[in-house]
Student: 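Next up is a structure, given as structure tokens.
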Amino acid sequence: MVKHPWNVTIDEACTIQNSLKDRIITYDAFDIIKHVGGADVAYEVSGNRACCVITVFSYPSLEIMSCSCFCGDICFAYIPGLFAFREGPLIEKAFEGLDVIPDLLLIDGHGLCHPRGIGIATHMGVFLDVPTIGCAKNHLFGSHREPGSLRGDRACIYSERKTIGCVLRTRDNIKPVFISQGHRVSLKTSVEICLNCSKGYRIPEPLRMAHILARRII
DNA sequence: GCGACAG
DNA sequence: ATCTTGTCGC
């Protein structure tokens, strides 16, 4: 667990990201996964408050077991590449309120697939010392080809000849999601878990439900 | 300089 | 992220 202040300047935020990089674990460092969590944040229509919900589902049976929410002020601007400093504080608080700690946490955003290799999923994984996977709905960094059109089809995302994530189709003929390692999980396992968590919808169930609950609460 | 740019 | 119901297509 590597905690640090969130109320920092843009330069300090980048410095913190770089200082956390050597803590990232990119292989499967966990035992049996019995519970998978999903963290998402919904914003007030007008205002500076938002609500973070973290759901916890049984795995692989996918029944909701628990959830936690935390609403608070948003204190950092939306800057691509520094997303953790905007939503991280709320995720931290919601995580502290969980009564069932998930064995792995899915986070709405990128992980290693990031300009400096440390998106919000990786950042929170190191910060909370929990295995994490980044699952984003849109592209941020790296290049890739278009994956096949069927569920399970995928295409690697590259940066400087290295694989940093993958574009994964979770439903036939539907826009794919962007999967990348967060912390303490391999890319192969990340893809496997995301597919096992998404039966019927584009977004993995823990994240989909967290999204629904968060915007109902805010 | 121009375009891209998680939520 | 958010403003928003029905509707067209698989």
Side-chain angles (χ1 to χ4, degrees), chain A residues 6 10 13-14 16-17 20 24 38-54 69-94 105-127 132-144 146 148-153 157-160 164-183 187 190 194 199-204 206-218:
Chain A
W6 290 114
I10 291 178
C14 291
I16 289 174
Q17 289 185 323
L20 294 179
I24 303 170
D40 190 40
V41 176
Y43 294 75
E44 250 182 3
V45 176
S46 181
N48 63 317
R49 288 176 63 78
C51 173
C52 172
V53 167
I54 296 181
C69 84
F70 181 85
C71 299
D73 292 324
I74 291 295
C75 307
F76 202 90
Y78 167 62
I79 300 172
L82 295 179
F83 196 47
F85 292 85
R86 184 173 172 79
E87 298 193 344
L90 299 187
I91 294 177
E92 176 190 10
K93 292 295 185 182
L105 183 62
L106 296 174
I107 293 184
D108 193 19
H110 291 95
L112 294 189
C113 191
H114 173 279
R116 286 176 292 284
I118 178 161
I120 188 169
T122 302
H123 194 128
M124 296 316 292
V126 172
F127 188 97
T132 55
I133 294 173
C135 179
K137 295 180 287 298
N138 290 291
H139 170 84
L140 168 67
F141 182 71
S143 56
H144 64 85
E146 192 64 19
S149 58
L150 301 181
R151 167 178 164 83
D153 287 343
I157 301 175
Y158 301 99
S159 173
E160 299 174 339
I164 58 174
C166 97
V167 189
L168 175 69
R169 196 84 65 179
T170 50
R171 283 195 61 181
D172 292 357
N173 300 91
I174 281 185
K175 178 177 179 173
V177 292
F178 295 74
I179 304 301
S180 62
Q181 291 159 269
H183 179 53
L187 180 56
S190 298
C194 285
K199 302 271 200 294
Y201 294 94
R202 177 193 179 215
I203 305 300
L207 283 178
R208 198 179 75 85
M209 189 53 61
H211 185 263
I212 291 173
L213 295 175
R215 60 176 302 166
R216 175 183 298 179
I217 292 171
I218 197 60

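We name chains A, B, ... by the order of the sequence lines, and we start the count at 1 in each one.
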Student: Applying side chain to side chain donor-acceptor pair (under 3.5 Å), name anything that partners A/R215, two or more places apart in sequence or on another chain.
Tutor: none
Student: Is DNA chain C part of any stem, that is, at least 3 consecutive Watson-Crick or G-U pairs with both distances under 3.5 Å, and where?
Tutor: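 Counting only runs of 3 or more consecutive pairs, none involve DNA chain C.
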Student: What does the list of N/O pairs under 3.5 Å between the protein and nucleotides 5-10 of chain C look like, with a distance for each?
Tutor:
none

Student: Any side-chain hydrogen bond (donor to acceptor under 3.5 Å, both in side chains) involving residues 110-122 of chain A? Give me the pairs, sequence neighbours left out, ordered by first then second residue.
Tutor: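 Output for this query lists A/Q17-A/R116.
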Student: So what does A/L90 hit on the nucleic acid, given a heavy-atom distance under 4.0 Å: a base, only sugar-phosphate, or nothing?
Tutor: nothing
Student: Base, sugar-phosphate alone, or nothing: which one does A/D108 contact when heavy atoms must sit under 4.0 Å apart?
Tutor: sugar-phosphate
Student: Decide ring-ring contact (aromatic ring centres under 6.0 Å, His included) for A/F83 and A/H123; before the verdict, give the C-alpha distance in whole Å, the side-chain angles of both, and the deciding distance to 0.1 Å.
Tutor: CA-CA 10 Å; A/F83 196 47; A/H123 194 128; over 10 Å; no
Student: Mind checking what makes salt bridge (charged side-chain N to carboxylate O under 4.0 Å, His left out) contact with A/D153, not counting sequence neighbours?
Tutor: none
Student: Does a side-chain N or O from A/R215 land closer than 4.0 Å to OP1 or OP2 of C/dT2, or not?
Tutor: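 It does, given that an N or O in the side chain of A/R215 lies less than 4.0 Å from OP1 or OP2 of C/dT2.
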Student: May I ask you to check whether A/F85 and A/W6 place their ring centers less than 6.0 Å from one another?
Tutor: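 Yes, they do, as the ring centres are separated by less than 6.0 Å.
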Student: Answer with base, sugar-phosphate or nothing: what part of the nucleic acid does A/Y78 contact at a heavy-atom distance below 4.0 Å?
Tutor: base
Student: For A/A42, report the nucleic acid contact type (base, sugar-phosphate, nothing); a contact means any heavy atom under 4.0 Å.
Tutor: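 Sugar-phosphate contact only - A/A42 comes under 4.0 Å of backbone atoms but never of a base.
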Student: State which residue, out of A/L187, A/I118, A/I24, fulfils the side-chain contact (heavy atoms from CB on, under 4.5 Å) condition with A/L112.
Tutor: A/I24
Student: Which pairs pass salt bridge (Lys or Arg N to Asp or Glu O under 4.0 Å) with one or both residues in residues 133-142 of chain A, sequence neighbours excluded?
Tutor: A/D108-A/K137
Student: Taking side chain to side chain contact (heavy atoms under 4.5 Å, CB included) as the definition, give me every residue that meets it alongside A/A121, ordered by chain and number, with sequence neighbours left out.
Tutor: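 A/A121: side chain to side chain contact (heavy atoms under 4.5 Å, CB included) contacts with A/I107.
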Student: Tell me the interatomic distance from A/I91, atom CD1, to C/dA1, atom P, rounded to whole angstroms.
Tutor: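 In whole Å, C/dA1 P and A/I91 CD1 are 14 Å from each other.
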Student: Is A/R86 close enough and on-axis enough to A/F76, meaning under 6.0 Å and within 45°, for cation-pi?
Tutor: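 Geometry flag: not set, cation outside 6.0 Å or 45°.
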Student: Pairs in or reaching into residues 165-176 of chain A: which pass side-chain hydrogen bond (donor to acceptor under 3.5 Å, both in side chains), with residues at least two apart or in two chains?
Tutor: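 Residue pairs with at least one partner in residues 165-176 of chain A: A/N138-A/K175.
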Student: Identify the stems formed by DNA chain B, where each pair is Watson-Crick or G-U wobble with both distances under 3.5 angstrom and a stem is at least 3 consecutive pairs.
Tutor: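 Expected stems, ordered by start: none at all.
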Student: Looking across every strand, which nucleic acid part, if any, lies under 4.0 Å from A/G81 by heavy atom: base, sugar-phosphate, or nothing?
Tutor: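 A/G81: base contact, heavy atoms under 4.0 Å.
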Student: Please identify each residue that fulfils salt bridge (charged side-chain N to carboxylate O under 4.0 Å, His left out) with A/E44, with sequence neighbours left out.
Tutor: none
Student: Suppose we screen for side chain to side chain contact (heavy atoms under 4.5 Å, CB included). Which residues come up paired with A/I217, at least two apart in sequence or across chains?
Tutor: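 Partners of A/I217 by the side chain to side chain contact (heavy atoms under 4.5 Å, CB included) criterion, ordered by chain and then number, come out as A/C51, A/V53, A/C69, A/C71.
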Student: Could you tell me the separation between the CD atom of A/E44 and the P atom of C/dT2, rounded to a whole number of Å?
Tutor: 11 Å
Student: Give a yes or no answer on whether the side chain of A/S190 reaches the backbone of A/I133 with a donor-acceptor pair at less than 3.5 Å.
Tutor: no
Student: How many Å lie between CG on A/N138 and P on C/dT2, as a whole number?
Tutor: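 About 13 Å, once rounded to whole Å.
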Student: Taking the side chain as everything from C-beta on, heavy atoms only, tell me whether A/E87 gets closer than 4.5 Å to A/Y78.
Tutor: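 The answer is no, as the side chains (C-beta and beyond) never meet within the 4.5 Å cut-off.
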Student: Between which nucleotides of DNA chain B, read 5' to 3', does contact with chain A run, using atoms under 4.0 Å from its heavy atoms?
Tutor: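 Going 5' to 3' along DNA chain B, contacts run B/dC5 to B/dG7.
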Student: Remember a base hit wins even if backbone is also touched, and classify A/H114 as base, sugar-phosphate or nothing at under 4.0 Å, heavy atoms.
Tutor: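 Touches a base.
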